[in-house]
Amino acid sequence: SPRRRLISGAIGLGFVGLYRAIEDPAYSLDVGAGVRPWWVDTSLRLNPGLAAARTTDSSVNWTDPVIAVRGHVRLSEQFGLSAYGDIGGFGVGSQLTWQVVGTVDWQPTDWVALRAGWRYLSFDFEKATTTLKLSISGPIIGASFRF
């Protein structure tokens, strides 16, 4: 039977511990939980004109708990596809945060894997007088090294 193991690491902007729930030579599935810390600094500067110049700065930080799932499908000895997703916040930090990542993976050696793909990340934070909503997406590249 396949051997299951705890896999830990950093995913994007957070820290997630993953457990290998399913392991097969052709595919794997990991589940886990972790945290995603946020630091947001904003500045507003108004140039002088009809009114006097003004500058205001604000900063807020919080940490969201997240639950995660990651899957990998092996296409050949060196190539594969990976998908990662997490969701969190639950009102502890933000109301809701989530992300999805899809990559094409190339493993030229046993100790290095290179990845390229797309990432979408979103959060909705509301506390007291601060409301922040942000969604970003774009290409992502990465590398993993095994020792």
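By the 4.5 Å heavy-atom criterion applied to side chains, Leu132 and Val40 are counted as neighbours. Side-chain contact between Arg119 and Tyr84 is absent, with no heavy-atom pair separated by less than 4.5 Å. With contacts defined as side-chain heavy-atom distances shorter than 4.5 Å, the pair Asp30/Val69 does not qualify. Counting heavy atoms from C-beta outward, Lys127 and Gln95 have side chains that approach closer than 4.5 Å. Between Val66 and Thr97 the shortest side-chain heavy-atom distance falls below 4.5 Å. Side-chain contact between Val31 and Leu18 is absent, with no heavy atoms from C-beta onward closer than 4.5 Å. Residues Arg115 and Ser144 have side chains in contact (heavy-atom distance under 4.5 Å, counting atoms from C-beta outward). In this structure the side chain of Lys133 reaches within 4.5 angstrom of the side chain of Thr131, judged on heavy atoms.
Taking OG of Ser122 as the reference point, atom CD of Gln99 lies at 10.5 Å (rounded to 0.5 Å). Taking CD1 of Ile87 as the reference point, atom CD1 of Ile67 lies at 7.0 Å (rounded to 0.5 Å). Considering CZ of Arg20 and CG of Leu29, their distance stands at 8.5 Å, rounded to 0.5 Å. Going from atom OG of Ser28 over to atom CD1 of Ile22 covers 9.0 Å, rounded to the nearest 0.5 Å. Leu114 CG to Gln107 CD: the interatomic distance, rounded to the nearest 0.5 Å, is 9.0 Å.
Linking ILVMFWY residues whenever their side-chain heavy atoms come closer than 4.5 Å, directly or via other members, places Leu121 and Phe125 in the same cluster. By the criterion of side-chain heavy atoms lying less than 4.5 angstrom apart, applied directly or through intervening Ile, Leu, Val, Met, Phe, Trp or Tyr residues, Val112 is grouped together with Phe147 in one hydrophobic cluster.
Using a 30° and 60° split on the angle between ring planes, Trp62 and Phe123 fall in the perpendicular class, above 60°.
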Between Trp38 and Asp64, is a side chain to side chain donor-acceptor pair (under 3.5 Å) present by the stated rule, with each step listed?
CA-CA 8 Å; Trp38 294 96; Asp64 288 321; 3.0 Å; yes
Kindly indicate, with the supporting measurements, whether the criterion side chain to side chain donor-acceptor pair (under 3.5 Å) is fulfilled by Arg70 and Ser82.
CA-CA 7 Å; Arg70 178 176 64 186; Ser82 293; over 6 Å; no
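Of all heavy-atom pairs between Asp57 and Arg45, the closest is OD1-NH1, 4.3 Å. Of all non-hydrogen atoms in Gly14 and Pro37, the two that sit nearest each other are CA-CD, 4.2 Å.
Side-chain N/O atoms of Asp124 and Ser94 include no donor and acceptor closer than 3.5 Å.
A distance-only check finds a donor-acceptor pair linking the side chain of His72 to the backbone of Leu81 [under 3.5 Å]. Not a single donor-acceptor pair under 3.5 Å links the side chain of Thr103 to the backbone N or O of Trp118.
Look at Arg36 and Asp86 and you find a salt bridge, because one of the NZ, NE, NH1 or NH2 atoms lies within 4.0 Å of a carboxylate O, short of that distance.
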